[in-house]
Amino acid sequence: MRLFFALGLDEKTNQAAREQLVRYHHHLCGEGRAVPDQNLHLTLAFLGEVPDTKLSALQAAASNLALPAFSLTTSGVEVWDQPKIACVTFNQPPPVLFDLAHHLQSLPVWHAKADSHAFTPHITLRRGVKDQQALHLPPLPTQTFACQRFGLYASPSSASDESIPRDNEGRALYQCLHQFSLC
Ligand code: 3AM
């Protein structure tokens with residue numbers, strides 16, 4: 001299974017912030033492909049293909065991390081060149097977010113795929129944004145998200161697999177396999 005750890009930002013207390021983010025997301029049009037609403041997340045560690053036999057040890061290791069809950073305040077939307085995405089960024093993300101990502105990227109049971117980019121917290125809204133001028137970006141209202149848990153997600157590795165859950169536009173959805181509480 002292709003796995004990653006992420007903040008789903010879908011705690012009940014985040015409902016209003018998430019709805020506003022989704023409304024903003026629906027207003028973006030033009031360049032690139034929109035990420036399904038249900039897939040909006042902040043990646044903490046991309047693990048790549050992990051054998052099923054490692055799953056329970058991986059969950060146990062992530063459960064043992066005793067890190068405090070925190071909050072994240074959006075700063076705006078940026079278009080990046082590498083990868084070519086439009087994404088939400090955050091204003092002064094707290095050090096504990098970087099600690100959490102670092103721990104999840106280097107769990108003894110499975111090390112994340114080496115990434116040439118430093119961890120930069122973001123929520124991808126659109127992929128394949130080649131020409132940023134072609135994407136109209138209205139200002140994003142500032143929102144604060146409470147982060148009380150994170151999840152282990154499976155990302156479909158084959159776009160043609162018929163058993164993959166999909167949204168009503170046929171786009172593949174991530175599956176949350178397990179959630180972990182922050183303290
Ligand atoms: O949170 P974002 O959208 O930046 O791009 C993929 C997505 O990140 C990333 O993992 C997240 C969940 O799919 N991803 C996919 N393949 C990857 C790879 N080979 C990857 N990140 C690093 N290396």
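Atoms within each ligand, like the ligands themselves, are counted from 1 in listed order.
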Chemist: Can you tell whether the side chains of D37 and R171 come within less than 4.0 Å, N to carboxylate O?
Modeler: no
Chemist: For R127, take its heavy atoms, then give the atoms of ligand 1 lying under 4.0 Å from any of them.
Modeler: 3 (O), 5 (O), 7 (C)
Chemist: Which ligand 1 atoms does F4 reach within 4.0 Å, using its non-hydrogen atoms?
Modeler: 12 (C)
Chemist: According to a hydrophobic-cluster definition based on side-chain heavy atoms being under 4.5 Å apart (Ile, Leu, Val, Met, Phe, Trp, Tyr only), do L67 and L42 belong together?
Modeler: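 Per the 4.5 Å side-chain linkage, L67 and L42 are co-clustered.
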Chemist: Can you report which non-hydrogen protein atom sits closest to atom 18 (C) of ligand 1, along with the distance?
Modeler: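 Answer, as residue, atom name and distance: F46 CE2, 3.3 Å.
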Chemist: Has H41 got a side-chain atom pairing as donor or acceptor with N39's backbone, closer than 3.5 angstrom?
Modeler: yes
Chemist: Decide whether the shortest distance between a heavy atom of R2 and an atom of ligand 1 is less than 4.0 Å.
Modeler: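 Judged by the 4.0 Å heavy-atom criterion, R2 does not count as contacting ligand 1.
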Chemist: Touching ligand 1 at all, Y174? Heavy atoms, strictly under 4.0 Å?
Modeler: yes
Chemist: Please could you name the atoms of ligand 1 that H122 approaches to less than 4.0 Å, counting only its heavy atoms?
Modeler: 1 (O), 2 (P), 4 (O)
Chemist: Partners of H111 by ring pair (Phe, Tyr, Trp, His ring centres under 6.0 Å), sequence neighbours excluded?
Modeler: none
Chemist: Tell me the protein heavy atom at minimum distance from atom 11 (C) of ligand 1, and give that distance in Å.
Modeler: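 Of the protein heavy atoms, T43 OG1, 3.4 Å lies nearest.
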Chemist: If we check side chain to side chain contact (heavy atoms under 4.5 Å, CB included) with F90, which of these qualifies: T144, I123, L97, T73?
Modeler: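 For F90, the side chain to side chain contact (heavy atoms under 4.5 Å, CB included) test succeeds with only one of T144, I123, L97, T73, which is I123.
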Chemist: Identify, with sequence neighbours excluded, every residue that meets side-chain hydrogen bond (donor to acceptor under 3.5 Å, both in side chains) alongside T74.
Modeler: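 T74 satisfies side-chain hydrogen bond (donor to acceptor under 3.5 Å, both in side chains) with no other residue.
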